[in-house]
Amino acid sequence: MTMHVRKLLTVVTEAGLERRLVEDLRQLGARGWTITDARGQGHRGKRALDWEYEGNIRLEVICEESLAERLASHFREHYYQDYAMILFLQDVEVLRPEKF
Amino acid sequence: MTMHVRKLLTVVTEAGLERRLVEDLRQLGARGWTITDARGQGHRGKRALDWEYEGNIRLEVICEESLAERLASHFREHYYQDYAMILFLQDVEVLRPEKF
Amino acid sequence: MTMHVRKLLTVVTEAGLERRLVEDLRQLGARGWTITDARGQGHRGKRALDWEYEGNIRLEVICEESLAERLASHFREHYYQDYAMILFLQDVEVLRPEKF
Amino acid sequence: MGALDPVVLFFMLGMAAGLARSELRLPPAVYEFVSLILLLAIGMKGGVQLATQPLGALLFDSLLVILMGLLLPLMAFPLLRVGGLPRADAASIAAHYGSVSVGTFAVALSYLLEVGLEHEPFMPLFVVLLEVPAIFVGIMLARGGSSRTRWGELTREVLLGKSVVLLLGGLLIGWIAGPVGLAGIDGLFFDLFKGVLAIFLLEMGLIASRHLDGALRHGPFLLAWGLLAPPVMAVIGLGFAALMGLSTGGAVLLATLAASASYIAAPAAMRTAVPEANPALSLTASLAITFPFNIFFGIPLYHWMANHWPGG
Amino acid sequence: MGALDPVVLFFMLGMAAGLARSELRLPPAVYEFVSLILLLAIGMKGGVQLATQPLGALLFDSLLVILMGLLLPLMAFPLLRVGGLPRADAASIAAHYGSVSVGTFAVALSYLLEVGLEHEPFMPLFVVLLEVPAIFVGIMLARGGSSRTRWGELTREVLLGKSVVLLLGGLLIGWIAGPVGLAGIDGLFFDLFKGVLAIFLLEMGLIASRHLDGALRHGPFLLAWGLLAPPVMAVIGLGFAALMGLSTGGAVLLATLAASASYIAAPAAMRTAVPEANPALSLTASLAITFPFNIFFGIPLYHWMANHWPGG
Amino acid sequence: MGALDPVVLFFMLGMAAGLARSELRLPPAVYEFVSLILLLAIGMKGGVQLATQPLGALLFDSLLVILMGLLLPLMAFPLLRVGGLPRADAASIAAHYGSVSVGTFAVALSYLLEVGLEHEPFMPLFVVLLEVPAIFVGIMLARGGSSRTRWGELTREVLLGKSVVLLLGGLLIGWIAGPVGLAGIDGLFFDLFKGVLAIFLLEMGLIASRHLDGALRHGPFLLAWGLLAPPVMAVIGLGFAALMGLSTGGAVLLATLAASASYIAAPAAMRTAVPEANPALSLTASLAITFPFNIFFGIPLYHWMANHWPGG
Ligand SMILES: Nc1ncnc2c1ncn2[C@@H]1O[C@H](COP(=O)(O)O)[C@@H](O)[C@H]1O
Ligand SMILES: Nc1ncnc2c1ncn2[C@@H]1O[C@H](COP(=O)(O)O)[C@@H](O)[C@H]1O
Ligand SMILES: Nc1ncnc2c1ncn2[C@@H]1O[C@H](COP(=O)(O)O)[C@@H](O)[C@H]1O
Ligand code: NA
Ligand code: NA
Ligand code: NA
């Protein structure tokens, strides 16, 4: 089984940003993404999930390194200053490199 | 603290497959797994979570490399053609290698 | 874009432990964490999510390696024997090392 | 021909909100909760009535209904093939249209109440009987009895799907408890029925709106099918109703069942048994075209047709 | 001895669906919603009645009830040890059975309504009073007062658990508002009570079905315990009822409380305070054996026993 | 001045449970479900009444209401600036207080019912009309019409927010269907209104309790604002009510709307359009200070004020 390396970009941020982030992903060329609901705590305080406007989302995108870096800089530029957000990158192995 | 390396296999796919995938895991010898509900978009279009038949699940299995590869090929063979599914592999460090 | 390496510690365990784990994180010095609801199976049997007392949580903490190891040993010492719990570590790249 | 039941306005609200890309979204748990109540209520309503009925007399009608459930997909399949659909898709859509939509049935019940028409008490039993047979016909049409299909497991899955279990469970409970026994739970299941149906339709409108673009993307054939198949199938339903000698209200319900397309049991079963069929095609047709057609135009039309049935 | 309350048929439906591995599953939010309504409704019902009552008269009975809550686990523990269970497991199960099940109490209320038996208005207060003491006895039995237990935090956790807060909160609200004040919210909390209880029991059936295999796996002792302990404890409950001079209806309720086993407050507290106890054992016994036993056979049996109580 | 409506006791229960760090937590789906019912019910109630009304006569009053919605944030902003808040925060809080809280409105409706006061049927229309204008004023105040703001998208987002869609949708449905058409859905939306409001308030209490520490952390100015702004704004609301010649009940409702602060539409819009404003400040003020102030003290106070209005 030959595996191919891609980047996995994970973003944890405010649930209210979902629509805008998905729009960004589309415009910057991501071909897929996965979102789960999350709660948590960070520099901007606690974010509980029990009320619609206070939860987090956890967004994952698998893509080529170059796109992952473009997405990361885009998010940093547009959201780091004003929104609760963290992001991190990892290497992952995939079976169908043409998909990502 | 001595850590041991294992593989983490993550699968994102249609929620309706959960029962079958769990059955596969059992038969192929996985000793544990974790599932979260997810939504997302990929080649087969958008998968919202607001209706029971349209969501995704995100399945994680930590195991030895050989089993991870067997699981990956099994899933590729049985589901890639007809179902919305991606999978990827990563190395992880664990404390109790005998558990996985 | 300069990236910095940090550790991602992921814990999957009984939902009932959430409050105590968060307390532990705070006392041991973690500056942030993310939690999602999960279900799964392991050595201690199946953990369905459809009843409040039987689900799992999936806890993620990004931090320096030393803290990650301290957290891991703390959890091992206090919970491995009596609770359903697994944990694993990975390297991740982050943009703002001072945050983690 | 009766007036529009205001409950369908909630579907329009959901559809409008969805098309305008409103933030309005209901959590899946709300959908689950209201459909749970609807399914149990319909089942119990039927069961309570069955309790006062000689069951033997129903055997013949039940067999006829099952026959209809086998016939409808067999008639739909060749038409869908002629329309240019691949074998798997044609079979899957045939199964959806041969099976039934409980939501449409609920709207028809509410419509009959609105216009003041009685109906036979055993109609909910027919919902259960119609739900399953077409699904098996659809799988046979796609597979040709191929060995790849795990029939045993599939049968279990179909018979133990959520809607069959709740409808049948409700029927049995209603039948065992009888009208007196259920007196205490009237409040939730019967007094709230229409309000709960309103919320269900709001959610259906939201979901359908997301599938509406598929109606255009998949070409005019799917659109035509979704609008024309229901009235044709309703005629068949009315024919069977005449055979059974149903009242006008009963005939409207059977026509509605024939005309309605499944969006719960059939999609789940087809995804498992005929995975190569494109689920977007059948969901778009049944959910975004046929469901609104039936609740807005179909049901009053079938009522009109039942009134004008030769010798009716 | 009264007839079977139809509401328990929903438990059977859930149990059957679960055993047949049906797709039927309710989202946890639905379980939360219906148990929220049940707990508040029971609390408020009691509170409204307390408003018309001299509270002082209750003090003696309340102390007796707390005494019963301390006694039951102390009696259960040695029996469970003799049965071969490790100390921690015996203590944990003793705590579960000394504490109470609000779901079982709700079924008993519904049963009394069904058979037309009155009961003392302050019974919901006893539910709250019985919920907690046994849990502390259980922890003491397991720990022997060891310093490892963080009593302060534990007390807070137990007293602020969901069921205590909602029952007690409902009691206070009912007590402050009185019958007139609550007039407007009757619709949701009282008229729907039985329907909501039906959905709750459906879900309990589904959950219990998943724990049923444990009943066999853990051997005949657990099964025997789950079936025999309740009637014995019911006798003790009837004894205390006689001491207090309760009516037949009140005696049935107190017997049911004594016979019922906790599956909310006790499991959570034991998991924290006695983590080495196997939670599968106690949940299987209380949820999969004793709960169905009580709602199907126990309650009518305790009714019969109350009617035949010497001098009753 | 009327008595305390018992429904607010549920808010106290939630607040107390939250402050005591109880395990009690409601799943978000329950909050969504109850607020869905409240919003639709309020809208429909208004719509049904509008159906019997000449709409033309409302035009003038509607314009006045919109004017009030523009005026309130313009008056609040300089006061908040004087209090030392940064431009963005002052603008955001002004928007919150210019807009309205549907939950507070629901409690006021329940209060009027309790004290037996009639009100004009078109008040729910005013809720919709007041929800939006202040949000735009707030954005203008923060941005000064800067090109960075995407007004088109923002307008869409605000007008298609959940609460506007459900209120307006309910209004339209009620207006189209009329009282007869809605007869069947009374059960869920009207009979249960107060019970559903009780659960909503329980959840609001839990949420508010988590924001209460912010009230202290952010200093005395925010606390003073949250307590003093509402009665002042209520006076303005009473002034507008006098201009329109509203009944006492209508005046209490308009005063309550003026005095209430948004915690749904405004926070979402501000987070998008004025992200540099600290959402904790405005949420703390509107949710943890002003909301409880209004439901416990404000509404009876505005009632008293309406009764003593010069020439009222
Ligand atoms: N060190 C961390 N590890 C894991 N998740 C974090 C960490 N810091 C922040 N988060 C998550 O990211 C969200 C936003 O973080 P922040 O911008 O720091 O408030 C938080 O609500 C957490 O869910
Ligand atoms: N590039 C990607 N990154 C992250 N998740 C993806 C990606 N592509 C697909 N997915 C997820 O996998 C599911 C199935 O993908 P697909 O088979 O491409 O439709 C989607 O619904 C997404 O949740
Ligand atoms: N090999 C595994 N891979 C992924 N998740 C696992 C694995 N083993 C256990 N888990 C998760 O960890 C939880 C506790 O595991 P255990 O302590 O083995 O019962 C399980 O309920 C699963 O959700
Ligand atoms: Na059909
Ligand atoms: Na007990
Ligand atoms: Na206002």
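Note that the coordinates shown come from a computational prediction; the quantities given were computed from them, not determined experimentally. Within every chain, numbering begins at 1; the chains are lettered A, B, ... in the order of the sequence lines, protein sequences first and strands thereafter.
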- Task: Evaluate the side chain to side chain contact (heavy atoms under 4.5 Å, CB included) criterion for residues F:Val165 and D:Leu13: first the C-alpha distance (whole Å), next the side-chain angles of each, then the deciding distance (0.1 Å), finally the verdict.
- Result: CA-CA 8 Å; F:Val165 165; D:Leu13 176 57; 4.3 Å; yes
Go through F:Leu40 and D:Leu202 one step at a time and tell me if the side chain to side chain contact (heavy atoms under 4.5 Å, CB included) criterion holds. CA-CA 11 Å; F:Leu40 283 173; D:Leu202 180 68; 4.3 Å; yes
Item to complete: Might you work through the side chain to side chain contact (heavy atoms under 4.5 Å, CB included) test for D:Ile199 and F:Ile37, ending with a clear yes or no?
Response: CA-CA 9 Å; D:Ile199 293 182; F:Ile37 294 178; 4.1 Å; yes
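The backbone N or O of D:Ser22 lies less than 3.5 Å from no partner atom in the side chain of F:Arg156, so there is not a single donor-acceptor pair.
Residues D:Arg25 and F:Glu32 have side chains not in contact (no heavy-atom distance under 4.5 Å, counting atoms from C-beta outward).
Contacts with chain F were tallied for D:Ala20, D:Ala29, D:Ser110; D:Ala20 has the most, counting heavy-atom pairs under 4.5 Å.
For the atom pair CG (F:Asp191) and CG (D:Asp191), the distance works out to 8.5 Å, reported to the nearest 0.5 Å. Between the CE atom in D:Met12 and the CD1 atom in F:Ile173 there is a gap of 9.5 Å [rounded to 0.5 Å]. Rounding to the nearest 0.5 angstrom, the gap separating the CG atom in D:Leu19 from the CG atom in F:Leu160 is 11.0 Å. Atom CG of F:Leu182 and atom NZ of D:Lys194 lie 9.0 Å apart (nearest 0.5 Å).
Using the six-membered ring where Trp is involved, F:Phe33 and D:Phe33 have ring planes that are perpendicular, over 60° apart on the 30 and 60° scheme.
Nearest approach of F:Phe189 to D:Ala198, heavy atoms of both residues: CE1-CB, 4.3 Å.
Using a 4.5 Å cut-off between heavy atoms, D:Leu113 makes no contact with chain F at all. With a 4.5 angstrom heavy-atom cutoff, F:Leu166 touches chain D only via side-chain atoms.
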